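All residue numbers in this chain count up from 1 along the given sequence. Just so it is clear, the model here is predicted, and its values are computed rather than measured. Indexing begins at 1, ligand by ligand and atom by atom, following the structure's order. Note: hydrogens, waters and symmetry copies are ignored here, and every other heavy atom, side chains too, is used.
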Amino acid sequence: MKSSRREQNPNQLVVKYWLFSLFFALWFVAEAAAERPNILFIMSDDHACNAISAYGGRLADVAPTPNIDRLAKEGVRLNQCFVTNSICTPSRAVILSGQHSHLNGVKTLVDAFPGPTSGTPNVAEMLRQSGYQTALVGKWHLRSPPWGFDYWKVGPGQGLYHNPVFVASTDGVAYQSRVAKTAKRTKGYYTDLVTDYALEWLDDRDRSKPFFMMLHHKAPHGKWEPAERHKNYLADVEIPEPETLWEDFSHRSSATREMGTSITSRLHPRRTMVADVQKPEWPAGSIDLSGLSDREQGKAAYQKYLHDYLGCVKAVDENVGRVLDYLDESGLAANTLVIYTADQGMFLGEHDYFDKRWIYEECLQMPFLARLPGAIPAGSVNDTELCSNLDFAQTFLDYANVSDTVDVSKMQGQSLRGILSGQSPAQWRDAIYYRYWMHLAHHNIPAHYGIRTNRYKLAFFYALPLDASLGRGSFSASTPGWELYDLEFDPQEINNVYELPKYKPVVQQLKQRLLQLKQQYADHDEPYPELMKRRSELW
Ligand code: CA
């Protein structure tokens, strides 16, 4: 019988089969890659929005950050991204676990992040198990060995700016959370070196998998040591002072009025200082204060702090530029989600503070810029939605398209993917919950928790060390109190309106919402009788 189809010899059929298979495999890989972008998470330490020119602010013209700003121009800027606990180590644990500090166990600087068998979620491990190649380069700052990463190379503890120590997973030595005095040091500047290591790893990576990289800078954390090439950066420039540098604290509650660390009073205390308080550390004689009035000495201290800090930022910005150039040149930019953030904000003289820890805006707010061409609209800004480092882990998982296949039930955040892409969910949170545990430890700041909505901030300074590893046994209770700020009329938080009768209904409403949030996040006060006593007296 004559076939209606043209006869094909078996060899042609095999070739066609293989060509089809190859085409399908290539299509599948391309589709999978498009659906599963690389994720490059760049995080610096203590980088305030006020020191990123994309955020505007008083330093934008004086100390621009053109490379970091590229991410804002080519992606999205979040203006309402807040940390749950404004201190280095705890913030890192929240980012990895998607859990508040009381759940992941890292409430203070000395708590270890739970290990692989603890049941604590770790987004790096989840991505690794989902087919991502994972790497961590730079500052880790958790009191336990890194896990969840195919490769890591970290500077133990705070690390050193100049000629730092690095330990890599390939070195075959046990991880140490502190730099050993005998450890081998690498010639160079930390910010440059971690970028070198990140780019080297990207060059050598397994190209059959998408990657997840955490690139963590030490800068601009104190003690501030700019690179040699930036020693004279802004040397002849007078840095603008914030309006609140010379703030009158009479509006504050008695819980905070005399607390915290001052820049201008480092030589002439105008607030009560305790022995444990740290001050900006400068080499002896690095500022000439002879013949200056008290006020002039305060101004000089502020100038010194900002010059050193901005010098450290300058190297971060340059190195972000190196990374973005690399992504362009290697063709990775189109399919790599790049995020720039910091572990929390930082006071740059606002309220006469340096450091962080408080629920106040400058250290509560985190910078957050994200770029993914085609998925995140270029030059977009979100002013509305309340976002948090609690959300980062679930955001990564969502972009990796594994939110449905990994167990996120123990995480407490929400994916920011919709918000980043300009399609905010119809329902989004109306408030964030904040808690700082390290009562009086290091910077004389009372333990507190609070709530921030789009308009208001209510904080309860319960002022007890409770069971926090830092604070307990070293510090006793201090004066408790409440503060309320109406951010619509008082974005600088210089007018605590808690006692004003017209805000009474707002206070009641916020207190109720605060209790709901504590319930939602399972942060219960009931196990602490002394805290419950303060609540019963002051709520
Ligand atoms: Ca930090």
**Message:** Any salt bridge linking E361 with R452? Criterion: basic side-chain nitrogen under 4.0 Å from a carboxylate oxygen.
**Reply:** yes

**Asked** Any idea how many protein N, O or S atoms are nearer than 3.0 Å to the Ca ion (ligand 1)?
**Response** 6

**Item:** Carboxylate-amine/guanidinium proximity below 4.0 Å for D171 and K153
**Value:** no

**Message:** I'd like to know if D467 and K107 make a salt bridge, using a cut-off of under 4.0 Å between side-chain N and carboxylate O.
**Reply:** yes

**Prompt:** Could you state the interatomic distance from CZ (R429) to CD (Q520), rounded to the nearest 0.5 Å?
**Reply:** 8.5 Å

**Request:** For the pair R92 and D45, find out whether any cationic side-chain nitrogen is under 4.0 Å from an anionic carboxylate oxygen.
**Result:** yes

**Prompt:** Is E350 paired with R58 through a side-chain N to carboxylate O contact shorter than 4.0 Å?
**Reply:** yes

